[in-house]
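Beneath this line is the structure, given in C-alpha cells, with notes to follow.
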Amino acid sequence: MGSTRKFRVWRGDENGGDLQDFQVEVNEGEVVLDVIHRLQATQTPDLACRWNCKAGKCGSCSMEINGMPKLGCMTRMSTFTEDETVTITPLRTFPVIRDLVTDVSYNYEKARETPAFAPPAGVAPGDYRMQQVDVERSQEFRKCIECFLCQNTCHVVRDHEENKPEFSGPRYFIRAAELDMHPLDAKTDRKEYAQASMGMGYCNITKCCTEVCPEHIKITDNAIIPMKERVIDRKFDPLVWLGRKILRR
Ligand code: SF4
C-alpha cells in the first residue's frame with residue numbers, strides 16, 4: 001500500500017539553483033532511486049540523475065540524502081519516517097553539471113596520476129604467480145565500486161578546493177595500499193609515494209570516508225593508518241636514521 005511522501009530535490013546547474021518541493025507516491029520496498037524515477041516519470045521529466053545498475057555495484061547514483069553521502073539505490077525509503085521530508089542534493093565536493101549530476105573528473109585525474117601496477121621486468125601477464133594469502137590481503141580494497149562517496153565526504157577537499165591538486169583522497173590511498181601489499185609490484189615505494197606525492201599527510205584519520213563507504217571497506221584502519229605508521233616508523237627508526245647519517249657523509 002503506497003503513501004504520499006515529501007521530497008525536496010536540488011535543481012540547477014553550474015550557474016546556481018535551488019531546492020524544489022514535491023509530493024510523490026512511495027510504495028513498500030522502494031529505495032530513493034525508485035522515487036527519483038517516479039518523479040521523472042510523473043512530474044519532472046528533465047530531472048538529471050546519474051544511475052546504472054540499481055544494485056549498489058556500479059557506483060553511479062551517488063548523492064547526498066538529508067546531507068549524508070549515499071547511494072540512491074541502496075537507501076531504503078523505510079529508513080525515513082512517513083512525515084519526514086527527504087532532501088536530495090548533488091555531491092558537494094564536485095562541480096554540478098545539472099541537478100544531481102556532478103563532474104567527477106577530479107577522481108579520474110587522480111587515478112591517472114597514481115603510478116600503475118609495475119611487475120618485475122621479464123614477467124609476462126599470465127605468468128604472474130602469488131600466494132593466496134597475498135591475494136586475500138588486498139581483496140578488501142578491490143571491492144571498491146568507485147562511487148566516490150569517500151572522496152566527496154573527505155573534509156580535506158569537501159570545502160577546500162585549493163587542496164585538490166595535492167590531495168588524491170581515500171579512494172586512491174586504498175589503491176596505493178593494495179599495490180603496496182602486492183608482492184609483484186616492485187617499482188614504486190607506495191607508502192613513500194602516498195606521503196610525498198598523494199597528500200596522505202593531509203589526512204588526520206577522522207574516518208569519515210570509512211563511515212560512508214557502501215562496500216564497508218575499512219579505508220582508515222586497514223589502508224591509511226598502516227601506511228602512515230610504516231612511513232613514520234621508517235622516518236624515526238634509529239637504525240635507519242643512523243644509516244642515513246653515515247651514507248650522507
Ligand atoms: Fe566508494 Fe568505498 Fe570505493 Fe570510496 S572506497 S569510492 S566509498 S566504494
Side-chain angles (χ1 to χ4, degrees), residues 2-27 30-111 145-165 167-171 208-209 211-214:
S3 60
T4 302
R5 307 279 279 269
K6 288 174 279 185
F7 253 61
R8 188 169 285 163
V9 183
W10 194 89
R11 309 280 328 262
D13 56 25
E14 76 270 21
N15 299 315
D18 56 13
L19 290 165
Q20 295 182 7
D21 288 306
F22 300 94
Q23 304 251 347
V24 58
E25 181 194 327
V26 174
N27 299 307
E30 287 186 335
V31 293
V32 166
L33 188 60
D34 288 317
V35 182
I36 289 172
H37 285 163
R38 182 163 300 115
L39 282 174
Q40 290 172 324
T42 59
Q43 301 183 45
T44 172
D46 61 341
L47 171 63
C49 173
R50 193 183 273 132
W51 72 283
N52 194 353
C53 76
K54 208 170 168 281
K57 287 295 161 206
C58 74
S60 303
C61 63
S62 300
M63 56 186 72
E64 302 203 358
I65 303 173
N66 288 351
M68 280 297 289
K70 289 187 173 179
L71 297 180
C73 73
M74 298 303 284
T75 308
R76 290 188 170 276
M77 284 305 299
S78 58
T79 56
F80 308 105
T81 57
E82 291 253 334
D83 58 351
E84 194 172 352
T85 300
V86 179
T87 303
I88 313 288
T89 46
L91 298 178
R92 189 163 107 191
T93 302
F94 313 120
V96 167
I97 297 175
R98 194 158 72 85
D99 303 336
L100 303 177
V101 176
T102 55
D103 178 357
V104 294
S105 307
Y106 160 72
N107 303 290
Y108 301 128
E109 282 160 26
K110 296 301 162 187
I145 57 171
E146 301 217 297
C147 63
F148 305 131
L149 291 179
C150 57
Q151 302 284 94
N152 174 66
T153 204
C154 178
H155 64 90
V156 174
V157 284
R158 188 167 169 89
D159 291 311
H160 296 280
E161 192 67 27
E162 71 280 10
N163 288 338
K164 283 185 177 172
F167 188 71
S168 297
R171 192 277 167 261
C208 23
C209 52
E211 271 175 38
V212 298
C213 178

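All heavy atoms count here, side chains included; hydrogens, waters and symmetry mates do not.
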How close do [X] and [Y] get, heavy atom to heavy atom, and via which atoms?
X      : Y      : answer
Gly72  : Ile65  : CA-CD1, 4.2 Å
Gly169 : Tyr106 : N-OH, 4.3 Å
Cys73  : Ala55  : SG-N, 4.0 Å
Pro214 : Ile145 : CG-CD1, 4.1 Å
Asn52  : Cys58  : CB-SG, 3.5 Å

Side chains of [X] and [Y]: closer than 4.5 Å at any heavy-atom pair?
X      : Y      : answer
Ser62  : Asn152 : no
Val104 : Thr102 : yes
Arg171 : Lys110 : no
Leu149 : Leu91  : yes
Val9   : Asp99  : no
Val86  : Lys6   : no
Leu39  : Gln20  : no
Asp159 : Arg92  : yes

If only atom types and distance count, is the side chain of [X] paired as donor or acceptor with the main-chain N or O of [Y] below 3.5 Å?
X      : Y      : value
Asn66  : Thr87  : yes
Arg8   : Thr85  : no
Asp103 : Pro95  : no
Gln151 : Ser168 : yes

Nearest 0.5 Å, what's the [atom1]-[atom2] distance between [X] and [Y]?
X      : Y      : atom1 : atom2 : answer
Phe7   : Ile36  : CZ    : CD1   : 6.0 Å
Thr153 : Glu211 : OG1   : CD    : 8.0 Å
Cys53  : Leu33  : SG    : CG    : 9.5 Å
Glu64  : Leu100 : CD    : CG    : 10.5 Å
Phe22  : Leu47  : CZ    : CG    : 6.5 Å
Cys147 : Lys70  : SG    : NZ    : 13.0 Å

Which of these, Gln40, Arg98, Arg11, sits in a side chain to side chain donor-acceptor pair (under 3.5 Å) with Asp46? Arg11
Audit row: Arg50, Ile97, side-chain contact (heavy atoms from CB on, under 4.5 Å) steps and yes/no: CA-CA 11 Å; Arg50 193 183 273 132; Ile97 297 175; 4.3 Å; yes
Do you know which of Arg5, Lys54, Arg76 makes salt bridge (charged side-chain N to carboxylate O under 4.0 Å, His left out) with Asp34? Lys54
Under 6.0 Å between ring centres, would you say that holds for Phe148 and Tyr108? yes
Pairs touching residues 36-92 that satisfy ring pair (Phe, Tyr, Trp, His ring centres under 6.0 Å), sequence neighbours left out: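 Non-adjacent pairs meeting ring pair (Phe, Tyr, Trp, His ring centres under 6.0 Å): His37-Trp51.
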Could you walk me through whether Val32 and Met63 pass the side-chain contact (heavy atoms from CB on, under 4.5 Å) test, one step at a time? CA-CA 10 Å; Val32 166; Met63 56 186 72; 4.2 Å; yes
side-chain contact (heavy atoms from CB on, under 4.5 Å) assessment of Thr42 paired with Glu25: CA-CA 10 Å; Thr42 59; Glu25 181 194 327; over 6 Å; no
Stepwise salt bridge (charged side-chain N to carboxylate O under 4.0 Å, His left out) test for Glu109 and Lys164: CA-CA 10 Å; Glu109 282 160 26; Lys164 283 185 177 172; over 6 Å; no
